[in-house]
Amino acid sequence: MQQEELAEARARMGSIDPRTRNPLQMAYVGDTIHDLYVRSLLFARGLSVGAMHRQAVRLVSAAAQARMLHAIEPMLTQEEADIARRGRNAQAKHAAPKHADPADYARATGLEALWGYLYITGQSERLDALMAAALEEACAHEGTQGGEH
């Protein structure tokens, strides 16, 4: 039963017009997508679990995600830029975490909405390309290129 339900959910996602959805819903999915890409990247580097965790914390922070969005904005289509803007401007029912700058947190939500949109609409190649560009900028800024063990 679960397998059938998951297959149906995946099929329905492709038919959803993301413009009709709350951008926070797309950001909810995009948050997990971002985390999965970061963890996959760090796993591929063969790092210890502790090193993976330390680098992941830096790469999933609101400040890092805000920088990532800034880095890829020139690459975005008009529709992608609109999704990111809607995510950035969405009013969450909760405040930004105490350790996060509210502007960075809003931009991070915009980035996550973009990731969710690309995933939900099945644009995996575009997601891969933009994610690679975003992570390249973040890793260069954070100094996480090397193989810390």
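In what follows, residues are counted from 1 in the order of the sequence shown.
Residues Leu47 and Leu36 do not share a hydrophobic cluster, clusters being chains of Ile/Leu/Val/Met/Phe/Trp/Tyr side chains in contact below 4.5 Å. Residues Val57 and Leu41 fall into different hydrophobic clusters, defined by Ile, Leu, Val, Met, Phe, Trp and Tyr side chains chained together at heavy-atom separations under 4.5 Å.
Pairing each heavy atom of Leu42 with each of Ala56, the nearest pair is CD1-N, 3.5 Å. Considering all non-hydrogen atoms of both residues, Leu59 and Ala64 come closest at O-CB, 3.9 Å. Listed here is the closest heavy atom pair of Pro74 and Ala71: CD-O, 3.6 Å. Of all heavy-atom pairs spanning Leu111 and Met68, the tightest one is CD2-CB, 3.9 Å. Taking each heavy atom of Ile72 and Ala134 in turn, the nearest pair found is CG2-N, 3.7 Å. Contact detail for Pro23 and Ala113: the closest heavy-atom pair is O-CB, 3.7 Å.
Residues Trp115 and Leu130 form a side-chain contact, since some pair of their non-hydrogen atoms from C-beta on lies under 4.5 Å apart. Looking only at side-chain heavy atoms (C-beta outward), Tyr117 and Gln123 come within less than 4.5 Å of each other.
The closest donor-acceptor contact from the side chain of Gln55 to the backbone of Met52 lies at 3.5 Å or more, if one exists at all.
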_With side chain to side chain contact (heavy atoms under 4.5 Å, CB included) as the criterion, how do Arg126 and Glu80 come out once you've worked through the C-alpha distance, each side chain's angles and the decisive distance to 0.1 Å?_
CA-CA 10 Å; Arg126 182 68 174 156; Glu80 292 164 349; 2.8 Å; yes
*Walk me through it: do Ile33 and Met131 pass the test side chain to side chain contact (heavy atoms under 4.5 Å, CB included)?*
CA-CA 10 Å; Ile33 299 300; Met131 185 71 75; 4.2 Å; yes
*Would Ile83 and Leu76 satisfy side chain to side chain contact (heavy atoms under 4.5 Å, CB included), going step by step from the backbone distance to the final call?*
CA-CA 10 Å; Ile83 295 291; Leu76 300 181; over 6 Å; no
_Evaluate Tyr105 against Thr109 for side chain to side chain contact (heavy atoms under 4.5 Å, CB included), listing each step before the verdict._
CA-CA 6 Å; Tyr105 190 74; Thr109 302; 4.2 Å; yes
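Donor-acceptor pairing under 3.5 Å is lacking for the side chains of Glu79 and Thr77.
In this structure, His70 NE2 and Gln65 CD are separated by 16.0 Å, a value rounded to the nearest 0.5 Å.
Partners of Arg86 according to the side chain to side chain donor-acceptor pair (under 3.5 Å) rule, which considers only residues two or more places apart in sequence or in another chain, do not exist here. Under the side chain to side chain donor-acceptor pair (under 3.5 Å) criterion, Glu73 pairs with Arg107, sequence neighbours left out. Qualifying side chain to side chain donor-acceptor pair (under 3.5 Å) partners for Asp128, counting only residues two or more places apart in sequence or in other chains: Tyr37.
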